[in-house]
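The model shown is predicted, which means the values in this text are computed figures rather than measured ones. In the text below, chain A, chain B and the rest are named by the order of the sequence lines, each starting its count at 1.
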Amino acid sequence: MATVDTTTTYSPDSKPVNYLTQSHGFLSWAMTLDHKRIGVMYLVATSVAFLLGGTFAILLRTELWAPGHTIVSHDTYNQLFTLHGAVMVFLFIIPGIPAALGNFMLPIMLGAKDVAFPRLNLASFYFWCVGALFFLSALLLTGLDTGWTFYTPYSTTEYNTSKDEAIIAATMGVFVLGFSSIFTGLNFLVTIHTMRPPGMGWFHMPLFLWATYSTALIQVLATPVLAITVLLIIVERLMGIGIFNPVYGGDPVLYQHFFWFYSHPAVYIMILPAFGVISELISVNCHRHIFGYRFIAYSSVAIALLGFLVWGHHMFTSGQSKIASVVFSAITFSIAIPSAVKIFNWLATMYKASISFNAPFLYALSFMFLFTIGGLTGLFLSTLNTDVHLHDTYFVVAHFHYVMVGGSLTAFFGGLFHWWPKISGKMYSEFPAKVSAFLVFIGFNLTFFPQFVMGTRGMPRRYYNYLPEFQSFHQWSTIGAYVLGLGAIVAFATLVHSMFRGKKAPTNPWGGASLEWQCPSPPPLENFHEAPTVGDCYDYDRLRYDEKTEGYVMTK
Amino acid sequence: MSDHAVAETTDAHASHGHGHHEHGPFQAHHFETPKQQFDAGKFGMWLFLVQEVLFFSGLFVFYAIYRINHPEIFEWGHQALDTTYGAINTIVLLFSSLTMAWAVRCAQLGKKNGLVFFLVVTLACAGIFLGVKYVEYSAKFEHGYLWARYFNPTSDNPHVAEPPSISKEVDKVVEKVESDLGDHSAAAHDAHSAEGHHHGPVGPPPPNAGVFFSIYFTMTGLHAIHVIAGIVAITWILVRSVKGHFGPMYFGPVDYVGLYWHLVDLVWIYLFPMLYLIE
Amino acid sequence: MTNLSLSPILAALPWEADYWFPPQRSTYAHEVDWVYFFIGWVSIFFFVVIMAAMAYFCVKYRRRPGQPKLKYPTHHSGLEIAWSILPSFLLVYMFYAGFISFMDMRSMPDEAYNIVVNGQKWFWQFSYDNGKIIESGSVANDANWNDKKSIFAKVPRLHVPVNTDIVLTMNAKDVLHSFFIPAFRTKQDVVPGRYTKLWFNANEVGVYDVFCAEYCGDKHSEMLAEVVVETQEDFDKWYAVASDLEQRFPDPVKRGEYLYSSRGCTQCHSLDGSTKPNGGPSFLGWWGKEVPVDGQAPVKMDENYVRESILNPMAKVHTGFGKIMPAGLITKDKEIDALITFIRNLNQPSKTETKK
Amino acid sequence: MSSTAAHHDEEHGLAHAMPVRALLTVFTILVVLTVLTVSISNFIRAHEQFHAWGVPIAMFIATIKAILVVLYFMHLRYDKSLNNLIFFFCFAFVFLFMIFTLVDSLQYQTDIENYAAVQPETPAPAAAAPAKAP
């Protein structure tokens with residue numbers, strides 16, 4: 001290998017072989033150990049899951065256009081919201097950013113050739129597929145109507161309308177998906193710890209890696225508890241061990257402790273990678289060093305660790321004791337601080353910046369708007385007395401959609417547009433991408449803002465029928481859902497279109513300084529033709545716009 | 001390979017950036033050195049063990065909560081378990097842990113025969129463990145000491161229930177060991193013989209007694225599944241070591257499987273007193 | 001049928017309690033609303049500041065060709081520590097305010113009127129005075145969901161006197177439910193296998209909605225009820241009428257059924273021919289047949305045998321069942337007659353119908 | 001047990017190799033502890049006055065055994081501090097999980113007992129079977 005060259009533009013004359021053209025055929029993808037191909041497969045798979053979950057959502061909202069029967073029956077409605085929740089949570093949001101974007105970007109941003117365990121990585125993708133198949137079979141078999149939380153005793157007794165097979169298939173699906181998630185997390189932790197090239201210190205890592213690292217920590221520490229919990233549900237259902245069944249002295253509230261010990265940290269699995277993406281989007285498009293790098297990095301880890309101590313705030317009205325509720329409420333407030341720190345730091349990054357308004361940045365702005373609302377409404381739910389009123393109402397629905405959709409989904413789209421030139425080697429068209437960002441923003445607010453009002457007025461969630469006084473809100477919400485759906489379709493259409501008609505992407509179209517903008521677009525099999533220079537990944541002053549390639553180049 | 005040569009190779013690889021790799025047959029392309037590969041694998045394995053600990057923690061938390069809230073269920077239920085079997089299995093697993101650790105040592109030193117031998121012994125121990133578990137499980141099934149829904153002790157007078165015959169033989173051995181230990185265990189010995197050899201619970205079951213057996217079966221069952229997974233993993237290692245894959249510069253898989261096997265042992269070290277001993 | 005109007009969006013602009021909340025009708029409701037609006041204003045303040053800064057920076061620092069790069073700070077520890085620590089004082093206050101009010105909501109008053117609430121798929125049941133009065137009902141299948149009156153026509157009503165501490169002792173028969181009264185700002189899950197408690201003191205006469213807030217299956221959204229808050233006199237009046245069974249249930253079969261479910265028969269005697277654990281013979285299957293009796297000649301199960309078994313349960317005990325039935329569950333002749341009619345009707349439904 | 005320095009000559013290739021003598025010593029201690037915990041349990045069973053000590057002693061011995069296995073068989077003692085950290089760190093999470101859940105469960109236990117107290121005795125059907133048989 002030649003000595004390290006400081007200029008990183010690769011000669012355009014020799015047509016370099018990249019990871020997409022490296023080999024051909026179905027098997028070359030299905031059996032690939034390349035993290036980029038696995039990332040792309042994850043991207044396709046999770047996007048399909050998103051469209052599936054989105055379809056359920058559209059059907060749900062359509063049913064709620066009017067009280068009483070609109071298009072589906074009680075039972076179908078219950079199955080729809082169960083699968084909407086389960087598919088979106090387990091198949092889309094949890095793997096969406098870390099497993100798809102993270103898999104693709106993490107080794108490149110780190111300057112490594114691959115993740116530490118490529119075979120485990122591929123296995124984790126197939127675990128995802130198997131889990132998805134279990135979910136689909138639950139849908140096709142007999143329907144699953146327990147809600148994505150599988151609360152006992154509803155899920156463990158014959159009281160519900162879904163059959164054994166549906167619940168066992170779905171919980172098996174969660175179990176398998178859990179392992180997919182654990183293996184991805186484990187892989188990332190090991191990669192970040194042991195595969196950093198010389199010069200890449202902890203505080204030289206882009207913030208996306210800090211976020212992914214924190215996420216991976218949660219995946220490894222929390223997911224096993226979910227695994228044992230759903231395993232106990234399966235055993236309960238099959239054999240009747242009575243652990244969560246009051247008839248045999250079991251305890252349904254204990255189930256909720258088990259479930260939320262995983263599922264609250266899981267909320268941070270969903271949002272932390274989004275924080276990482278936004279940190280990248282904002283600093284790159286502001287062409288300015290991120291403000292307060294260490295505070296953002298530490299706040300990710302702080303959120304990951306504090307996230308383990310607050311699960312009881314899902315249970316203030318569940319029959320949990322007063323003392324536990326009070327303790328959990330107090331700890332919950334502490335998690336507001338690292339989240340707020342991030343928002344303030346991003347804002348400060350925009351100060352004296354030089355902002356390019358491309359589609360990823362619009363998504364980042366809409367993230368800041370929506371996540372701020374999502375975060376602030378969390379305060380109402382961590383406060384004990386207001387939560388007693390708001391718990392299990394549409395207020396909660398609106399709050400977590402502001403965080404998960406307004407947060408994670410916009411970050412997912414933003415990150416996808418941002419890194420799309422790197423992933424596909426093609427530039428997307430800016431105008432429809434901006435339209436999609438706009439539609440998602442408007443549609444989202446229209447869908448979920450009325451739900452805050454509904455919830456405060458006392459409209460409980462998971463209701464098939466509702467009182468006539470809520471109809472107006474529901475109709476606004478339904479219209480919003482259509483707009484949101486349209487926005488998502490425009491976004492995907494823009495990306496697909498670019499694959500065929502897009503201009504060839506330069507190495508560094510946005511002027512990013514982290515390592516992924518030093519390797520060609522799309523990257524070759526081992527990511528870098530020559531060892532990359534590790535420098536300050538937020539120092540944009542070294543970059544200069546090059547008219548010829550329509551991209552940025554390092555000046556020094 | 002002599003120690004000297006090993007040291008030299010390590011040094012050569014320790015200084016990165018030379019660019020010329022002497023990739024061993026089992027070194028993955030994306031690792032710079034065998035050391036990096038080994039460390040990555042080892043850290044990955046430890047993370048996997050962490051994951052296992054949290055996986056089991058669900059059951060331990062469950063045990064703790066029921067144990068504290070309903071001690072009577074445990075006091076009654078644990079009498080249905082045969083301490084002797086539990087003790088034998090503990091010793092068997094500890095011994096297999098020893099042989100596993102020894103196997104890892106052999107792999108590290110490049111002693112192929114020793115490696116194969118100790119892996120076979122470990123497998124044999126795992127087999128014995130499962131055999132004893134099978135006997136125990138059958139006894140429970142026979143007497144209806146099952147989990148909550150099927151809990152239905154058949155014998156009205158458990159004192160009459162005959163313990164399976166191996167138990168008696170082994171009891172004698174254990175008693176002998178105990179009496180060899182000296183004075184204070186004499187009391188225990190007396191207590192043991194005074195109570196006779198019944199292994200059935202005394203008195204009628206308290207309400208929800210089946211929960212004890214739910215806990216017993218889920219905990220030991222999950223552990224047994226891990227033992228079976230361990231057997232599969234050790235067999236894989238055994239095949240590879242017969243083929244001569246392992247040596248001082250590449251023994252990661254043996255080490256990782258070893259770690260897993262010790263964790264299985266570790267879980268049992270807690271299960272044994274929690275289920276069989278604590279009254 | 002479309003109710004689409006701009007009112008929800010427009011009305012959201014003025015921050016009014018009447019718009020956001022149902023009316024405040026319990027003693028602690030105003031505390032909840034107060035904390036809600038406090039957090040609301042704090043949130044609005046921060047939101048506006050953040051968004052204004054964001055918009056300002058977007059305009060001021062947008063990329064313009066030829067503009068030189070500005071000098072900027074990459075971090076400022078003082079500032080960062082300040083915005084980490086200062087907002088936490090507000091958080092501590094929010095926690096404290098919520099905590100005080102929560103302890104009030106969750107600490108049961110010592111002397112209160114106690115009502116037992118049972119949640120079951122998919123209806124609520126309210127028992128007063130050890131089950132002497134049971135209020136039960138559910139949303140009819142033919143309810144018109146665009147008409148609130150039609151929806152609430154047949155739901156159970158929880159009658160409570162105004163300005164009185166009421167404690168609800170709640171239990172679920174099957175799965176989790178949650179008793180939610182928006183006007184009182186309170187909610188508590190109802191859990192099988194245990195009692196959970198809820199208290200309130202309604203401060204104004206009126207009728208308020210009750211929802212089930214914990215998902216419980218198919219007709220979760222139809223598990224509705226109403227709280228009827230009335231003056232003490234009205235409550236007493238209602239109580240007198242509710243306890244007068246003949247007036248409430250003119251049909252003796254219905255009266256008998258009510259007695260069956262409200263006087264404890266249901267714990268030992270099934271209606272489907274099965275034997276309950278440690279229970280007695282089923283009400284179905286023995287009518288008109290010879291019943292084997294401990295130590296005596298068999299006796300035919302008819303009106304006389306049933307009457308005797310109620311008034312003096314130990315006189316002729318059905319062979320194979322324990323001597324466990326208490327006397328004095330029902331003492332009034334008319335009530336015994338109603339229960340007998342119910343049992344007879346259960347065994348010979350056609351006969352009774354023809355009688356009618 | 002011998003110190004790290006004494007094992008220095010045992011550094012082979014990629015990791016520390018445990019000397020045979022150390023392995024055998026650890027195994028012997030483990031067996032002795034197993035016999036000990038069984039004997040103590042039998043002793044406590046026979047002597048009612050020591051009842052309260054059963055749980056702590058058994059768990060204490062189990063923990064010593066576990067630590068021995070972790071430190072020597074799994075040679076964590078000679079391993080990287082990162083691996084040490086992550087392994088012991090995870091017990092902190094198990095501890096948090098257990099302590100919070102336990103505290104809550106102890107608090108609400110009275111609600112369950114109050115309910116059980118007023119219910120007609122309906123234990124698990126199978127368990128009731130022998131009592132009901134005529």
Given that the side chain runs from C-beta out, which part of B:Val267 has a heavy atom under 4.5 Å from chain D: side chain, backbone, both or neither?
-> neither

Taking side chain as C-beta onward, heavy atoms only, is D:Lys65 less than 4.5 Å from B:Thr90?
-> yes

Measuring from B:Leu49:CG to D:Asn83:CG, what's the distance to the nearest 0.5 Å?
-> 9.5 Å

For D:Cys90 and B:Val53, which heavy atoms make the closest approach, and how far apart are they?
-> SG-CG1, 3.8 Å

With a 4.5 angstrom heavy-atom cut-off, could you sort out which part of B:Met45 is near chain D: side chain, backbone, both or neither?
-> neither

Under a 4.5 Å heavy-atom cut-off, does chain D meet the side chain of B:Leu98, its backbone, both or neither?
-> both

Those residues that, when tested against D:Phe91, pass ring-ring contact (aromatic ring centres under 6.0 Å, His included) (two or more places apart) | D:Phe87

Is there side-chain contact between D:Phe93 and B:Val50, with heavy atoms separated by less than 4.5 Å?
-> no

Please look at B:Ile68 and chain D and tell me whether the side chain, the backbone, both or neither of the residue comes under 4.5 angstrom of a heavy atom of that chain.
-> side chain

Give, for atom CD1 of B:Ile269 and atom OG1 of D:Thr63, the distance between the pair rounded to the nearest 0.5 Å.
-> 10.0 Å

Atom pair CH2 (B:Trp102) and CZ (D:Phe73), whose distance is rounded to the nearest 0.5 Å = 10.5 Å

Which region of B:Ser97, side chain (C-beta onward) or backbone (N, CA, C, O), has a non-hydrogen atom less than 4.5 Å from a non-hydrogen atom of chain D, or is it both or neither?
-> both

So, do B:Phe272 and D:Thr34 sit near enough that their side-chain heavy atoms are less than 4.5 Å apart?
-> yes

Drop me the distance from D:Asp79's CG to B:Phe43's CZ, to the nearest 0.5 angstrom.
-> 11.0 Å

Counting heavy-atom pairs under 4.5 Å with chain B, the top scorer among D:Ile61, D:Ile112, D:Val94 is D:Val94

Where on D:Ile99 is there a heavy atom nearer than 4.5 Å to chain B: the side chain, the backbone, both, or neither?
-> neither

Sub-4.5 Å side-chain heavy-atom contact between B:Asn69 and D:Ser105 | yes

To the nearest 0.5 angstrom, please state how far the CG atom of D:Leu30 sits from the CD1 atom of B:Ile91.
-> 9.0 Å

Side chain, backbone, both or neither of B:Phe62 within contact of chain D (heavy atoms, under 4.5 Å) | neither

Verdict with reasoning, D:Leu76 to B:Trp46, per side-chain contact (heavy atoms from CB on, under 4.5 Å) = CA-CA 10 Å; D:Leu76 194 58; B:Trp46 276 107; 3.3 Å; yes

Validation row: B:Ile65, D:Met98 side chains within 4.5 angstrom (heavy atoms) = no

Between NE2 on residue D:His75 and CZ on residue B:Arg105, distance to nearest 0.5 Å = 10.5 Å

Just distance, no hydrogens or angles: give the donor-acceptor pairs under 3.5 Å from side chains in residues 253-260 of chain B, sequence neighbours left out.
unit_1   : atom_1 : unit_2   : atom_2 : d
B:Asp255 : OD2    : B:Lys42  : NZ     : 2.8
B:Tyr256 : OH     : B:Phe38  : O      : 3.1
B:Tyr260 : OH     : B:His226 : O      : 2.8

Heavy-atom closest pair, residues D:Met59 and B:Tyr270 = CE-CD2, 3.4 Å

Do the non-hydrogen side-chain atoms of B:Met100 and D:Met74 ever get within less than 4.5 Å of each other?
-> no

